[in-house]
Amino acid sequence: MNVFDTMKIGASALKAQRIRLNVISANLANVETTRTPEGGPYRKRNVVFRSTPLDFGRRLDRVTRQAVQGVEVPAIVVNSRPPRMVYEPGHPDADENGYVAKPDINPVEEMTDMLSATKAYEANANVIKAAKRMALKALEIGR
């Protein structure tokens with residue numbers, strides 16, 4: 001594995017964490033959304049990560065040398081938790097008993113996921129910086 005493989009792996013992780021942050025942002029933005037185009041309240045989304053070979057050459061390399069893999073987001077899945085029912089008889093979306101179906105999104109849980117995604121993003125950005133420094137130092141060997 002060379003320095004550029006390290007950069008490609010780090011780049012795949014940055015892309016995956018960026019998608020994760022976008023989904024967390026959408027979850028937080030819709031924490032009170034009671035109407036969606038699909039009908040009903042907004043449903044929380046979760047990001048699914050999967051390790052993946054970087055390309056055919058890397059796949060061949062993996063088979064021959066057991067190389068490491070990058071990461072990708074194959075799907076963003078809708079959470080299966082039912083909406084939480086909140087008693088708000090004056091709300092326009094309240095049912096006949098005065099309850100409104102609201103998304104079951106815990107802002108504390110979302111903030112924790114956001115911090116985790118941010119730290120993972122920073123760590124992978126530092127990996128890329130370290131690989132870049134190593135490559136630059138290698139270029140100085142011949143001077």
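Note that the numbering runs from 1 along the sequence shown for the chain.
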For F4, the ring pair (Phe, Tyr, Trp, His ring centres under 6.0 Å) test, sequence neighbours excluded, returns none
With sequence neighbours left out, the residues meeting side-chain hydrogen bond (donor to acceptor under 3.5 Å, both in side chains) with E140 are none
(message) Test your reading of the model: is there a side-chain donor-acceptor pair from N30 to the backbone of T33, 3.5 Å cut-off?
(response) no
Sorted by chain and number, sequence neighbours left out, salt bridge (Lys or Arg N to Asp or Glu O under 4.0 Å) with E96 holds for none
Q) Can you find a pair of side-chain heavy atoms, one from V100 and one from M85, that are under 4.5 Å apart? A) no
Side-chain donor-acceptor pairs under 3.5 Å in residues 103-115, sequence neighbours left out?
residue: D104; atom: OD2; partner: R81; partner atom: NE; Å: 3.4
residue: N106; atom: OD1; partner: V108; partner atom: N; Å: 3.0
residue: E109; atom: OE2; partner: K44; partner atom: NZ; Å: 2.6
residue: E110; atom: OE1; partner: N27; partner atom: ND2; Å: 3.4
residue: E110; atom: OE2; partner: K44; partner atom: NZ; Å: 3.0
residue: T112; atom: OG1; partner: V108; partner atom: O; Å: 2.9

- Query: Between L28 and L21, is there a shared hydrophobic cluster once you connect ILVMFWY residues whose side-chain heavy atoms come closer than 4.5 Å?
  - Reply: yes
Taken in chain and number order and not counting sequence neighbours, the residues that satisfy side-chain hydrogen bond (donor to acceptor under 3.5 Å, both in side chains) with T36 are E38
> So, do R50 and P74 sit near enough that their side-chain heavy atoms are less than 4.5 Å apart?
Replying inline: yes
Contacts satisfying ring-ring contact (aromatic ring centres under 6.0 Å, His included) that involve residues 28-50 (not counting sequence neighbours) are none
For residues 110-143, the ring-ring contact (aromatic ring centres under 6.0 Å, His included) pairs (sequence neighbours left out) are none
Can you give me every donor-acceptor pair (side chain of residues 123-136, partner residue at least two apart or in another chain, under 3.5 Å) with its distance?
residue: N124; atom: ND2; partner: A120; partner atom: O; Å: 2.8
residue: N126; atom: ND2; partner: E122; partner atom: O; Å: 3.3

Nearest heavy-atom approach of A94 to P89 is CB-O, 4.1 Å
Taking R45 for its side chain and R43 for its backbone only, find out whether a donor-acceptor pair lies under 3.5 Å. yes
Sorted by chain and number, sequence neighbours left out, ring pair (Phe, Tyr, Trp, His ring centres under 6.0 Å) with Y99 holds for Y87
Sorted by chain and residue number, the salt bridge (Lys or Arg N to Asp or Glu O under 4.0 Å) partners of D93 (sequence neighbours excluded) come out as R35
Show me the donor-acceptor pairs within less than 3.5 Å that the side chains of residues 11-19 make with the rest of the protein, sequence neighbours left out.
residue: S12; atom: OG; partner: I9; partner atom: O; Å: 2.7
residue: S12; atom: OG; partner: V71; partner atom: N; Å: 3.1
residue: Q17; atom: OE1; partner: R20; partner atom: NH1; Å: 3.2

